[in-house]
Amino acid sequence: MLTLYNDLTRAKEAFEPLHANQVRMYVCGMTVYDLCHLGHARVMVVFDIVARYLRAMGYDVTYVRNITDIDDKIINRANERGEPFHVLTERFIAAMHEDAAALGVLPPDLEPRATDHLPEIISMIERLIERGHAYVAGNGDVYYDVRSFADYGRLSGKSIEDLQAGARVEPGDVKRDPLDFALWKSAKPDEPSWESPWGRGRPGWHIECSAMSTQALGDTFDIHGGGADLTFPHHENEIAQSEGATGHPFVRYWMHNGFVRINDEKMSKSLGNFFTVREILERYRPEEVRYFILTSQYRSPLNYGDEQLDNARGALTRFYTALRGLPTAEPASGTNFEQRFHAAMQDDFNTPEALAVLFELVREINRVRSDDAAGAAALGATLRTLGGLLGLLQDDAEDYLRGGGGADDALGDDDIQQLIDRRLAAKQARNWSEADAIRDQLKDAGIVLEDSAAGTTWRRG
RNA sequence: GGCCGAGUGGCAGAGUGGUCAUGCAGCGGAUUGCAAAUCCGUGGACAUCGGUUCGAUUCCGGUCUCGGCCUCCA
C-alpha cells in the first residue's frame, strides 16, 4: 500500500485513486524563458519517479506536465533579445527536453502549453464570472474575487486576514481587494495578445493550469505536484479557480518537492545562485546527477555541492562494480531486499531508504559472488530491476566504469590494453618496479587497475 | 510581524519510545608482490532546557539557531 504525504491535510495518507487502477497526475512544469536549473531538474526527476513507480505498481497513469509559454518574464526576455516570444520559448522548450532526456526523465503523457489552450482558458474565466467568482475591471483585466471562495487559503494554511496584513497595494490598482489575482490581463501595446470577450489580452499565470489540468484530467483528479514555492499563491489560486468554475473538488493529493539549496539558501533565479543542468553536466554524468537528487527524500531540502556530487560518483562506481561481470539472470526470489525496497518507496517515496537497501544488496552480491556465481547473478538482476524503478543502473557495467567521470581521454582503450599487457609481462618476470611504473602511468591518466584471479580490469575513476 | 518546516556521528542522509540505518571518510584485520577492488570488525550522534514515561534522539511545551512562504520563482 502506498502512503503519500498530502499537503492539503499535512499528513501521510493511504493513496487511493479516484478510479481504481487509474492515476491522473498533473505537475507544474517550467516557464520557458531560460535554461533549466537544478531546481527544475529536481521536479522533473522526482515526479518521474512517482510516475514510474505508480506504473510499476500496476496503475494506468496519465501524467501531465505543462509548459508555461506566455507570461511577463517571457515577454521581457523576448524584448531584451529582440525576438518574437514564441521563438524564444521554442528554443528553451527544446533545451528543456534535452536536459530531461539526459537525466533519464521519461516524457510525460501530455505536455500542454498555455498558448494552445486559449479557448479553454477563456471559457473557464467566463464560467467564473457567471458563477460570481470573477469580475471585469475597468481596464479590461479580469480578476478573481478571492473573498467569494470560502476555502481560500486552505492549502497554504493562510487566512485571508493574515494575507491581507502583508498584501501589497499598487497605486491605481483596479482590484477590489489587494488579494484578488488576474485571470486575464488586457494587452499593452506591442504585447502578444489574443481575442477575448474582454478585449485583446493574455491569460494570467494561474488560470492556464486550472484550464489545462481540468481539460486533460477532468474536474477532479488524483495528484497535483510541483515545487514547494508554488504552494502559495499558484496552487492556492488553482484550487479557487477550478473549484469555483466546476463546483467539484479539484485535487485529492497535493505533493510539493523541497528546494535545492546552496550554502543553506534556496537556489533560485532571483537570488542568482543557480546552476543550470548543462553546467553541471559538463562536470558530472547524468546518472550521477540523478542519483544525487534521489539521495534526499523529495520533501527535504537537497544541498548542492561538489562533495555531494562526488559522493554520488563513488556510490555509482560501487553499484556498477558489483554488477560488473555478472551474467544475465532472473532476479533472485526469496530475499527480503525487494520487499524492503518497496516498503521504503511506498512510504512517501523514501528514496534514501530505498537506496540504502540497494547498498545492502550490493554487499550481499560481493559476499556471495566468489562461491555462488548463480546466486550473485540473480541478486545482480534484482539490483538492476530495483535500480530501474529509480531510473538508475541500466547501463552496461563495464561500459559505465570505463566511461569514467569526466577524465580526459588521452588514452584510448587499445592503448590502455597494451599497457596492461606490458605490465602483465613485467609482473610475470617479477619486475615489480616496471609493473608499478606502468600502473602509476595509467593512474596519472585517470585509469585505475584492479587485479583479480580472473585477470586485470580497469576503470576510469 | 503572520504562517509553515527543520536542527542526527568528520560529511551526506534515513529512521525509531527500550537491539542495526545506509554511503563516503577514519581505525584494525583478511586478501594482494605492493596496490586497487572486495569482505570482516570497529569508534563516533541525535541543538538546548523542562515535562510525560519504568525508559525519549523519538511524544508534549519553552528557548536558541537555520530555511521557506507571505511578491515572480521548481
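Since this is a predicted model, take the numbers as computed values, not measurements.
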If you look at every strand shown and take non-hydrogen atoms under 4.0 Å, does [X] touch a base, only sugar-phosphate, or nothing?
| X | answer |
| --- | --- |
| A/Arg318 | sugar-phosphate |
| A/Glu307 | sugar-phosphate |
| A/Gly305 | nothing |
| A/Asp436 | base |
| A/Thr457 | nothing |
| A/Gly157 | sugar-phosphate |
| A/Arg369 | nothing |
| A/Lys269 | nothing |
| A/Val357 | nothing |
| A/Arg261 | sugar-phosphate |
| A/Lys427 | base |
| A/Met44 | nothing |
| A/Asp451 | base |

Would you mind pulling out the nucleotide paired to [N], Watson-Crick or G-U wobble, both distances under 3.5 Å?
| N | result |
| --- | --- |
| B/A47 | B/U63 |
| B/U19 | none |
| B/U53 | none |
| B/C24 | B/G10 |
| B/A74 | none |
| B/C69 | B/G2 |
| B/G33 | none |

With a 4.0 Å cut-off on N to O distance, would you call A/Arg154 and A/Asp7 a salt bridge?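 No, this pair does not count.
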Within a radius of less than 6.0 Å around CG of A/Asn263, do more than 12 heavy atoms belonging to other residues, nucleotides or ligands occur?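 No, not enclosed.
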Heavy atoms of other groups near A/Asp413 CG, more than 12 under 6.0 Å: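 Enclosed: over 12 neighbouring heavy atoms sit under 6.0 Å from CG of A/Asp413.
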By centroid distance (under 5.5 Å) and plane angle (under 30°), are A/Trp432 and B/G33 in a stacked arrangement?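 So yes, this residue stacks on that base, both cut-offs being met.
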When you measure only distances, ignoring hydrogens and angles, does the side chain of [X] come within 3.5 Å of the base of [N] through a donor and an acceptor?
| X | N | value |
| --- | --- | --- |
| A/Arg439 | B/C34 | yes |
| A/Lys158 | B/C69 | yes |
| A/His37 | B/A74 | yes |

Between P on B/C70 and CD on A/Glu161, what's the gap in Å once rounded to a whole number?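 Distance check: A/Glu161 CD to B/C70 P gives 19 Å.
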Let me know, please, whether A/Phe359 or A/Thr295 comes out on the 5' side of the other along RNA chain B by nearest nucleotide.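 First, find each residue's nearest nucleotide; the 5'-ward one identifies A/Thr295.
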Of A/Arg459 and A/Ala435, the one whose closest RNA chain B nucleotide lies more 5':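 Result of the comparison: A/Ala435.
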Residues from residues 223-234 of chain A lying under 4.0 Å of RNA chain B - heavy atoms: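 Within residues 223-234 of chain A, the residues near RNA chain B are A/Gly226, A/Gly227, A/Asp229, A/Leu230, A/Phe232.
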